[in-house]
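Let me begin by presenting the structure, written as structure tokens, before commenting on it.
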2 protein chains.
Amino acid sequence: MKKFLWKKFSITNDSRNNPIFFHKNPVERLGFLFYIIYICPMDEIIKHIQKFISLNNDEAEIVLSYFKTETFKKKQLLLQENQTCNKQYFIIKGCVRFYINNTKGIEQTLQFGIENWWITDYLSFQYQTPSHFNIQAIEKLETLSIDRTSFEELLERFPKLEKYFRLVIQKSFGASQVRIHYLFTMSAEERFHHMNNMFPEFIQRVPQYMLASYLDFSPEFMSKIRAGKV
Amino acid sequence: MKKFLWKKFSITNDSRNNPIFFHKNPVERLGFLFYIIYICPMDEIIKHIQKFISLNNDEAEIVLSYFKTETFKKKQLLLQENQTCNKQYFIIKGCVRFYINNTKGIEQTLQFGIENWWITDYLSFQYQTPSHFNIQAIEKLETLSIDRTSFEELLERFPKLEKYFRLVIQKSFGASQVRIHYLFTMSAEERFHHMNNMFPEFIQRVPQYMLASYLDFSPEFMSKIRAGKV
DNA sequence: TTGTTTTCTTGAAGTAGTTCAAGTTTTTTG
DNA sequence: CAAAAAACTTGAACTACTTCAAGAAAACAA
């Protein structure tokens, strides 16, 4: 039901220029209001922004207009190695992995992303250089995306968003440091149990072999840990 | 010689209220001008900021006034585990390591910092929570430091610095991702040679055992790699 | 529902690293 | 400059993981 409405009312970049969407008469906008308040998952990004900085309703609408909804099928790539990353994605629904192909041709997961997370290769996005990374949908995925140009425009129009993005990246960076900490201080088994305790629901969502590579051991070893055979 | 002058003219936070320093008469300020233009390493931070955003001379002086020069002896700690990190440091001269004590009581380096780098535990600094990390001077160290409160004030006074700090952190985050990439795809020996090729001058500056832990292998193994005995 | 693909399991053999302990070299300090 | 401290080296024994190969189970598509 939710999903049906979501698709039906799906708002694209063009909404920015759609007079109905921005019409001030509340009756005429009823459908959209309902959509925005009760159903629209796009609302999540506004809530997320408002956790870090203030943003009133009018601003929120304009901010939203800079984003495009983009959906991906399971296994579809959002970014491929050697391509330049020209979008930043905010995950509305679903799950992605950020991975590389190592020298033996095995895919190694560096990061996962779930609802309300930003995902992109910041270096490639910022400096428009080819990426070393792949980003792939693990589940059917709904995102809000913004390209490099719109992103610049958005930040120029709302400089206070600089603060929002600074804080978002700061958090990601912090998480990345803590991750290295865990890789360095825990044994394979400890890393698995730690992950298991911290994110019990999450580990249900991704194939074991991806989790194994994220925790930096082989899928076979994961199997043995789970079976208590180590 | 340089060092002597540096010490002699060392500018502290109090400079903000020092009428001589900000006096507009160029003759009276000659010493300081000379200092600022030819000797003052504080200038480096301004140059660094100007690489990312525009900043005129008047602004630069005010920005500088928010910082304090702080020096550390070799081995001195800038931040200790379990303390809350309440400063952000910009390194003028010297070298630091960002490390943890692992479960076996061995110190494991997660990051190095050299001239023109920012170093702090961003999570602890931002959310004022106890840090998991230590930051230590590896060489005699000169920094510019800014505390949490001054940092907030600075950003409020110059909102465009939000962009600067966003870009700085973005770069650090990118570097951290690339680092994990290397850890995952290269063997110990490859990681060493890669580091050797990329930063030949840097590896001269730090003890081998710190480098070994940064590259995630034992000091003994480093020794064997270097001797070609592996 | 059935066939196909993807994911997970298991044990045996192998290896890239660690750990330990003792000695040597280099750097720092008074 | 000598003494002390810190950093580096070496080889032998060990181990936490990997790799391989083959089969079982689960998920997916037609």
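Chain identifiers are assigned alphabetically (A, B, ...) following the order of the sequence lines, protein sequences preceding nucleic acid strands; residue numbering begins at 1 within each chain. On a predicted model such as this, the values are computed, not experimentally measured, just so you know.
Residues of residues 178-187 of chain A having a heavy atom closer than 4.0 Å to DNA chain C: none are found.
Across the protein-nucleic acid pair, R205(B) atom CZ and dT27(C) atom P stand 16 Å apart, rounded to whole Å. Between the CD1 atom of I138(B) and the C1' atom of dT27(C) there is a distance of 16 Å, given to the nearest Å.
Aromatic ring orientation, F125(A) versus F151(A): perpendicular (interplanar angle above 60°, classes split at 30° and 60°). Using cut-offs of 30° and 60° for the angle between ring planes, the H132(B) and H181(A) rings count as perpendicular. F90(A) and H48(A) have tilted rings, their planes meeting at an angle from 30° to 60° on a 0 to 90° scale.
Looking at Y164(A) and R166(A), their side chains never come closer than 4.5 Å, going by heavy atoms from C-beta outward.
Look at K51(B) and E44(B) and you find no salt bridge, because none of the NZ, NE, NH1 or NH2 atoms lies under 4.0 Å from a carboxylate O. Taking a cutoff of 4.0 Å between a charged side-chain nitrogen and a carboxylate oxygen, K75(A) and E107(A) do not qualify as a salt bridge.
Aromatic ring centroids of F165(A) and W118(A) lie under 6.0 Å apart. Residues F112(B) and Y214(B) place their aromatic rings such that the two centres sit under 6.0 Å apart.
For the pair Q208(A) and dT9(C), the criterion of a side-chain N or O lying under 4.0 Å from OP1 or OP2 is met. Of the side-chain N and O atoms in K74(B), one or more sit less than 4.0 angstrom from OP1 or OP2 of dT28(C).
Using modelled atom types and a 3.5 Å distance limit, the side chains of N102(B) and Q108(B) yield a donor-acceptor pair.
Each of A227(B) and M210(B) has a nearest nucleotide on DNA chain D; the 5'-most of these lies closest to M210(B). Between S223(B) and K75(B), the residue anchored nearer the 5' end of DNA chain D, judged by the nucleotide with its closest heavy atom, is K75(B).
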Practice problem: For E115(A) and R205(A), run salt bridge (charged side-chain N to carboxylate O under 4.0 Å, His left out): C-alpha distance rounded to whole Å, both residues' side-chain angles, the deciding distance at 0.1 Å, then the answer. | Solution: CA-CA 12 Å; E115(A) 286 81 9; R205(A) 285 175 74 171; 3.1 Å; yes

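A side-chain donor-acceptor contact under 3.5 Å links E190(B) to the backbone of S187(B).
Once you apply a 4.0 Å limit to the heavy atoms of chain A, the touched nucleotides of DNA chain D run 5' to 3' over dC17(D) to dC28(D).
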Quiz prompt | Heavy-atom protein contacts under 4.0 Å, nucleotides 18-23 of chain C, coded B base, S sugar-phosphate only, - none | solution = BBB---

